[in-house]
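To keep things clear, I will list the structure first and then write my remarks on it.
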Amino acid sequence: MPMAWMSVKEALAADPGVGLTVKGWVRTRRDSKAGLSFVALSDGSCFDTLQIVAPADLPNYETEVRRLTAGCAIEAEGELVESGGKGQRVEVRARSIRAVGWVDDPDAYPIAAKRHTFEYLRKVAHLRPRTNTFGAVARVRHGLAQAIHRFFHERGFSWIHTPIITASDCEGAGEMFRVSTLDAVNPPRTPEGGADFSQDFFGREAHLTVSGQLNVECYCLALTKVYTFGPTFRAENSNTSRHLAEFWMVEPEIAFADLSDNADLAEAFLKHCFRTLLDERPDDLAFFNQRIDDSVLATLEHMVESPFERVTYTDAVRLLESSGERFEFPVAWGADLQSEHERYLTQTTFKKPVVVTDYPKEIKAFYMRLNDDGRTVAAMDVLAPRIGEIIGGSQREERLEVLDRRIAETGLPRENYWWYRDLRRYGTVPHAGFGLGFERLVQFCTGMANIRDVIPFPRTPGNAEF
RNA sequence: UCCCCGAUAGCUCAAUUGGUAGAGCGAGCGGCUGUUAACCGCUAGGUUGCUGGUUCGAGUCCAGCUCGGGGAGCCA
């Protein structure tokens, strides 16, 4: 009768004396001439490994146990006992160990039991989840995703599955990936010689979404409190540690709400995420704090307690101008804040997240609500120390005549926005929302410097190998 | 896309003014040990990213390309 299968996490928390089976992958094996081998086993259920003690009298000790190397998959059956050594409370005294999957060529196994650079591990993205760091990232990512859904669910929000493919070009934010089933070499042609997208799958040109916002606004003006959480695509040729061509975005949208309500929501939302992570993933956070960024724990703990700073764009410009700091790019009202300006605000002036509001209308999107001054719009960016913009949002323009004027000023074709404009014709209400880059949140919580290391298989210009 | 930097053993790196390519870690074998970043000894492991050029001779100098990193822009 086989013993109950327990995860490493369960085994590490259990009382000595129970019989159990554990399954996972070997991290290290150490042999002792006292007639023992020690196997450190990981199954990803928690940060720590479980030590398995294999006595030399196991029938397959010489033929199998002594040949185990990093990466081998095994099943071990035995008894959980108090550890005879230092470094762990309990360990498994094995009655049997079965090698399930061997490592072909231990010398060439890409994940040797030693330090690797993140650049190298990106080249072996299929095996990097077996490392301490990427296992921890995966668990933190999951923990944050769950925290997000719980936060909204507990507050009466509905998760809206907005489309991945968008056949309207209403979104207008940046370069988009085309979705087409036309023959790429010899597409049907229009009289003018271009590709004839009326013969394409959707009967028109289609792309991958760059934002679910316009769609989710429709549901906001019916269900009041809604959000999206899904993949988003940008075909920008961005080569930075903060950009991906495919990333996940969270976009809440609330009706009968203004910019102040929106900022309150963003702050409560981020604090909930940090609090949950501190409660549920202390093992992984301790690792990031020790090995990746020694300010991560203190920063998260500080952030759940202290209110975010809020400052208007105009005041932020004044603060930067009077700071005495020499910036590479000059600060001027009307120009967008540069990365160095955002860093100065979050890391020098306030030393915490800053909500910057009310930007000049010229540097923001057409759908953001025009303020009474006629020069600024009710936009907000939440800037986080070290990674910059983590949230971008706004109160939406709910007045049809103002929206039309903004569409015209921006030079956009009004007819493309017919259904978006309809929302302003039929029961329009003040509403607001924001977009959060999920990977940037994971970066902030873990201290990971490159966004390519907080998503399982990063897509960037020239890179979609896995 | 722009600026700067880089590519040498499975991994991280070294190699003087251009002159026989090395170390640590990892791996294999042996020794020692309730071990845990183990330790000691031995062994194996290289078309120096690709293409061309200069030279008696190129890891080293030059040009182009590919890939990667840092910064900037675009943004989340």
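Computation of the quantities below employed the complete heavy-atom set of this structure, encompassing side-chain atoms and omitting hydrogens, waters and symmetry-equivalent molecules. Predicted model, so just to flag it, every value in this text is computed and none were measured. Sequence lines set the chain letters: A, B, ... in the order given, protein chains first and strands last, and positions in each chain run from 1.
Counting distance only, with no hydrogens placed and no angle test, the side-chain atoms of A:Arg27 and the base atoms of B:rG26 include no donor-acceptor pair under 3.5 Å. With hydrogens and angles ignored, no donor-acceptor pair closer than 3.5 Å exists between the side chain of A:Glu236 and the base of B:rU1. In this model, no side-chain donor or acceptor of A:Glu328 finds a partner on the base of B:rG71 within 3.5 Å. The base of B:rU35 is paired with the side chain of A:Gln88 by a donor and an acceptor separated by under 3.5 Å. A donor-acceptor contact under 3.5 Å is formed by the side chain of A:His243 with the base of B:rC75. With hydrogens and angles ignored, no donor-acceptor pair under 3.5 angstrom links the side chain of A:Ser238 to the base of B:rC75. No hydrogens or angles were tested; on distance alone, nothing pairs the side chain of A:Arg122 with the base of B:rC67 as donor and acceptor under 3.5 Å.
Distance noted for atom C1' between B:rU8 and B:rU47: 12 Å (whole Å). Separation of the P atoms belonging to B:rC3 and B:rG26 is 42 Å when rounded to the nearest angstrom. A distance of about 12 Å separates the C1' atoms of B:rG18 and B:rU54, rounded to the whole Å. For B:rC2 and B:rG22, the P atoms lie 41 Å apart once the distance is rounded to whole Å. The P atoms of B:rU20 and B:rG57 are separated by 15 Å, rounded to the nearest whole Å. Nucleotides B:rA21 and B:rA15 place their P atoms 16 Å apart, quoted to the nearest Å.
The residue A:Asn450 sits close only to the backbone: its heavy atoms come under 4.0 Å of sugar-phosphate atoms, none of a base. Residue-level contact check: A:Ser339 touches the backbone only, with heavy atoms under 4.0 Å from sugar-phosphate atoms and none from bases. Across all strands shown, A:Arg343 has heavy atoms under 4.0 Å from sugar-phosphate atoms exclusively, and none from any base. At the heavy-atom level, A:Arg452 lies under 4.0 Å from the strands shown only through sugar-phosphate atoms. At a threshold of 4.0 angstrom between heavy atoms, the contacts of A:Phe247 include nucleobase atoms, whether or not backbone atoms are also involved. The residue A:Thr232 sits apart from the nucleic acid: no heavy atom pair falls under 4.0 Å. A:Gln443 comes within 4.0 angstrom of no nucleic acid atom, judged by non-hydrogen atoms across all strands. Within 4.0 Å (heavy atoms only), A:Leu441 reaches no atom of the nucleic acid at all. Across all strands, A:Thr240 comes closer than 4.0 Å to base atoms (heavy-atom distances). When heavy atoms are screened at a 4.0 angstrom cut-off, A:Glu439 is found touching no nucleic acid atom at all. Residue A:Gly435 is in sugar-phosphate contact alone, with no base atom involved, counting any heavy-atom pair closer than 4.0 Å across all strands shown. If you check every strand for non-hydrogen atoms under 4.0 Å, A:Glu340 touches nothing. Across all strands, A:Thr28 comes closer than 4.0 Å to no nucleic acid atom at all (heavy-atom distances).
Note: NZ (A:Lys123) to C1' (B:rU66) measures 12 Å, nearest angstrom. The distance from atom CG of A:Asn239 to atom P of B:rC2 is 11 Å, rounded to the nearest whole Å.
The partner of B:rC25 is B:rG10, judged by Watson-Crick or G-U wobble contacts that both fall below 3.5 Å. Searching all strands for a Watson-Crick or G-U wobble partner of B:rC65 with both distances below 3.5 Å returns B:rG49. Both distances falling under 3.5 Å, in either a Watson-Crick or a G-U wobble arrangement, occur for no nucleotide opposite B:rG73. Using Watson-Crick or G-U wobble geometry with both donor-acceptor distances under 3.5 Å, B:rA15 finds no partner in any strand shown.
A salt bridge between A:Asp381 and A:Lys364 is present, with a side-chain N of the basic residue lying under 4.0 Å from a carboxylate O of the acidic one. The pair A:Glu439-A:Arg452 does not count as a salt bridge, with every side-chain nitrogen at least 4.0 angstrom from each carboxylate oxygen.
When distances run from any side-chain atom of A:Arg234 to the nucleotides B:rU12, B:rA27, B:rA76, the shortest one goes to B:rA76. Checking B:rG69, B:rA76, B:rG34 against the side-chain heavy atoms of A:Arg440 singles out B:rA76 as nearest.
Side-chain contact check for A:Arg234 and A:Thr232: no donor-acceptor pair (N or O, by modelled atom type) lies under 3.5 Å. A donor atom on one side chain and an acceptor atom on the other are found under 3.5 Å apart for A:Trp333 and A:Thr314.
Aromatic stacking of A:Phe438 on B:rA76: not satisfied for centres closer than 5.5 Å together with planes under 30 degrees.
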Start with the C-alpha distance between A:Phe134 and A:Asp453, add both sets of side-chain angles, then the distance that settles side chain to side chain contact (heavy atoms under 4.5 Å, CB included), and finish with yes or no. CA-CA 8 Å; A:Phe134 287 91; A:Asp453 299 326; 3.8 Å; yes

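Looking at A:Thr376, A:Leu370, A:Thr410 one by one, the single match for side chain to side chain contact (heavy atoms under 4.5 Å, CB included) with A:Lys361 turns out to be A:Leu370.
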